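Presented below is the structure to which this report refers.
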Amino acid sequence: MMLYKTVSTLFVLAMMARAVAEKTPLKILFVGNSLTYVNNLPAVLSALTKNSDESSISITTDQSVQGGASLSDHALDPRQYANLPEYPHTIEKIRQGGWDYVVFQEQSANYFVLSERNLPEYGHNVLLANGTTVYETIPQTLCREARQIGAIPIFYMTWRQQTDIAFETQKTLADDYANVAGVEKTLCAPCGNAMLENFRELECTQKSCSQLYTDADIHPTTVTQYMNALVFYATLTGRSPVGLDNTANLGSSYNVTWMQETAWEVYNEFKEAQQSRCTPDFCMRFYEPTSRTLYPLPTIGPSTTHSAMTVKVSANPICETEFRGNESTISIQGMMQAETLKAMNGYDELLNRLANVCDHEWVPCYDSDTTTSALGVFTMHHKCDNMGPTLSIMETTNGRLLGGFTPISSKSTGSRMAVGGVWLFRALPDKGFEFVDLVAEDMILVWDDAPSCLWLGRYNDLQITGTNCDVGQSFVFNPCTRSNTFCDQIPKEYNNSWISGEDEDFKVKRMQKFYSARFEFPNYTTPETTKLLSTSSS
């Protein structure tokens, strides 16, 4: 009997060893920023699969990461590396080959560039190997590079900041990641959705959640990265992570089984919602769990076009006379302090300036009074980017009304944009409307950055600081703070007190942003004269 027991035991051990040995080896390149490398998601995922006997895969990882980097930074053509050595050499890394998957993580503040409306505008001209130049979206370029070496792209869905995370805000972010994965017909790991469930379970608040955030900003703890690794396991296999080891060595205060079950539930809810949207030309991919093969794309069904409204703006958007409106035909819908502004001298000039843009109807895309997000700047960009010419109107805490106009769309490129036709105004009860047409230096008049609320002029002629675009944000108003040849063209009265009056410490009370609703201009390509890489956000 003992012999049989020994043989039986040896047989079981051999089968277990064989099962471990038969794990599918996978090699994954992670592309992103500090949301990937802080507490090392790639290493956590690798340890989870290599050290858990229940895992059906064994993952080896590498990274191409840089603090604050966006996907547009990672998509830089290798032929530009010599001129821009500070940028990550991601495409070169992808082309080394040998990857089964390449994971792409967008900069957390820029998630809205992946939305249905903004994604077609989030692109660049690409010189292909055959010598032809084509326009591609940034994700399209990166996915093409991955597929050319036989890898499958995966989008790594991130989460909102601690001060802003909630069902509504996370849903917006999740929808944008779902959009880009559907357009590219590839996988998406819904880590941000799992983060929200963990946030609720731990009864965190937007003021305190040290279990999941390393700081009051955005960066993940080891607990968060373990949860993310569980979501990635489900995404890569189509199988439940329940039963995998606690390879992150989380303490007894954390219910690891609950985390594994929740990761699986989040994945399945996401899968169910996205598979119901699948069409031949828009379909997020998922693995069939028994065979670990991707569910096939549908071959029949409604054709769905997921493309944004494209508003193309001319460098000098002045109408031909026969198309131009006048003060009697212009409508600014929902304008704050409407009766007060309309009664002031010079209001007709505001309308005539807007009439030059060839549109008679201006509608709001952002109003701080109706925004619940603690980070209104991202809401503002999400709603107003790529909408064409915009008019900003602000009320200050000292009762002043002021604003600015730009004839081009914001795109959250992180670049200075070259354009003419930018102007500021103030509206005072005793003086009425007064306007200043900003003078461009090298045609640089708009700073276009996702974390920036409003920044017009050569060197922050008018800038709202902070990330709220909302109550309590400060103004910076410093015309001609640097020596340049254009300062003598600025009216002498155009100085700090032109905006602030006697109160140098005034702040935003309310901000609105309007776009021209109907008119499309001839094509205009924005030159990027300066590209800066943020190191403060991820």
Side-chain angles (χ1 to χ4, degrees), residues 32-35 70 105-119 122 155-181 188-221 224 227-228 231 262 265-267 269-270 273-274 364-387 410 412 449-453 466-473 508 511-513 536-538:
N33 56 40
S34 54
L35 296 195
S70 67
Q105 176 241 313
E106 182 55 272
Q107 209 264 4
S108 63
N110 276 25
Y111 67 90
F112 50 82
V113 298
L114 308 177
S115 71
E116 183 176 348
R117 176 169 59 81
N118 291 323
L119 181 59
Y122 185 43
F155 287 96
Y156 165 21
M157 181 200 297
T158 58
W159 49 88
R160 299 296 291 256
Q161 289 178 291
Q162 177 182 311
T163 54
D164 192 49
I165 190 167
F167 174 80
E168 296 80 6
T169 55
Q170 181 60 36
K171 183 180 184 303
T172 300
L173 185 151
D175 287 346
D176 294 349
Y177 270 92
N179 177 68
V180 70
C188 178
C191 298
N193 292 354
M195 175 71 147
L196 178 60
E197 293 303 317
N198 225 350
F199 188 89
R200 289 168 166 172
E201 174 68 14
L202 293 171
E203 298 181 349
C204 286
T205 69
Q206 293 181 338
K207 293 183 178 179
S208 177
C209 194
S210 59
Q211 305 97 314
L212 303 179
Y213 293 90
T214 61
D215 46 44
D217 186 30
I218 191 75
H219 296 115
T221 63
T224 298
M227 186 69 132
N228 291 341
V231 173
T262 300
E265 290 172 6
V266 165
Y267 168 79
E269 288 175 5
F270 189 62
Q274 299 308 319
C365 55
Y366 176 78
D367 188 336
S368 63
D369 269 12
T370 60
T371 298
T372 59
S373 170
L375 297 169
V377 63
F378 304 139
T379 302
M380 185 269 287
H381 280 287
H382 192 278
K383 292 183 176 181
C384 300
D385 276 13
N386 300 306
M387 296 298 279
S410 57
S412 299
D449 194 25
S452 296
C453 181
T467 58
N468 283 0
C469 294
D470 203 344
V471 176
Q473 296 305 291
V508 178
M511 177 179 176
Q512 290 179 308
K513 202 162 188 175
S536 61
S537 56
S538 300

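It should be emphasised that the depicted structure is a prediction, and the values quoted were computed from it without experimental measurement.
Listed for the Ser368 side chain is a donor-acceptor partner under 3.5 Å among the backbone atoms of Met511. In terms of modelled atom types and a separation under 3.5 Å, the side chain of Tyr156 and the main chain of Gly32 share no donor-acceptor contact. Of the possible donor and acceptor atoms, one in the side chain of Asn179 sits under 3.5 Å from a partner among the backbone N and O of Leu114.
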Checking side chain to side chain contact (heavy atoms under 4.5 Å, CB included) for the pair Phe155/Asp176: CA distance, chi angles, key distance, verdict? CA-CA 11 Å; Phe155 287 96; Asp176 294 349; over 6 Å; no
Take Thr158 and Glu106 through the test side chain to side chain contact (heavy atoms under 4.5 Å, CB included) and record every step on the way to the result. CA-CA 8 Å; Thr158 58; Glu106 182 55 272; over 6 Å; no
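In this structure, Asn198 and Thr262 have side chains that are not in contact, with every pair of non-hydrogen atoms separated by 4.5 Å or more. A heavy-atom distance below 4.5 Å is not found between the side chains of Tyr213 and Thr224. Side chains of Tyr267 and Asn193 form no contact here, defined as non-hydrogen atoms less than 4.5 Å apart. Counting only heavy atoms from C-beta outward, the side chains of Tyr122 and Asp385 never approach each other to under 4.5 Å. Between Gln162 and Leu212 there is no side-chain heavy-atom pair separated by less than 4.5 Å. With a 4.5 Å cut-off on side-chain heavy atoms, Leu173 and Thr169 do not count as touching. You'll find the side chain of Ser115 stays beyond 4.5 Å of the side chain of Asp175, heavy atoms only.
Note: Glu168 CD to Arg160 CZ = 10.5 Å, rounded to the nearest 0.5 Å. One distance of note links SG of Cys365 with NZ of Lys383; it measures 9.0 Å at 0.5 Å rounding. Rounded to the nearest 0.5 angstrom, His219 NE2 and Gln161 CD are separated by 9.5 Å. For the atom pair SG of Cys188 and OH of Tyr177, the computed distance is 8.0 Å after rounding to the nearest 0.5 Å. Going from atom OG1 of Thr172 over to atom CZ of Phe167 covers 9.5 Å, rounded to the nearest 0.5 Å. The distance from the CD1 atom of Ile165 to the SG atom of Cys209 is 8.0 Å, given to the nearest 0.5 Å.
Taking each heavy atom of Gln170 and Leu196 in turn, the nearest pair found is CB-CD2, 4.1 Å. Across all their heavy atoms, Trp159 and Pro220 have their closest contact at CZ2-CB, 3.8 Å. Nearest approach of Val231 to Ala189, heavy atoms of both residues: CG1-C, 4.1 Å. Contact detail for Thr221 and Gln211: the closest heavy-atom pair is OG1-O, 2.6 Å. The shortest non-hydrogen separation linking Pro190 to Val266 is O-CG1, 3.8 Å.
Under a 4.0 Å N-O distance rule, the pair Arg200/Glu197 qualifies as a salt bridge.
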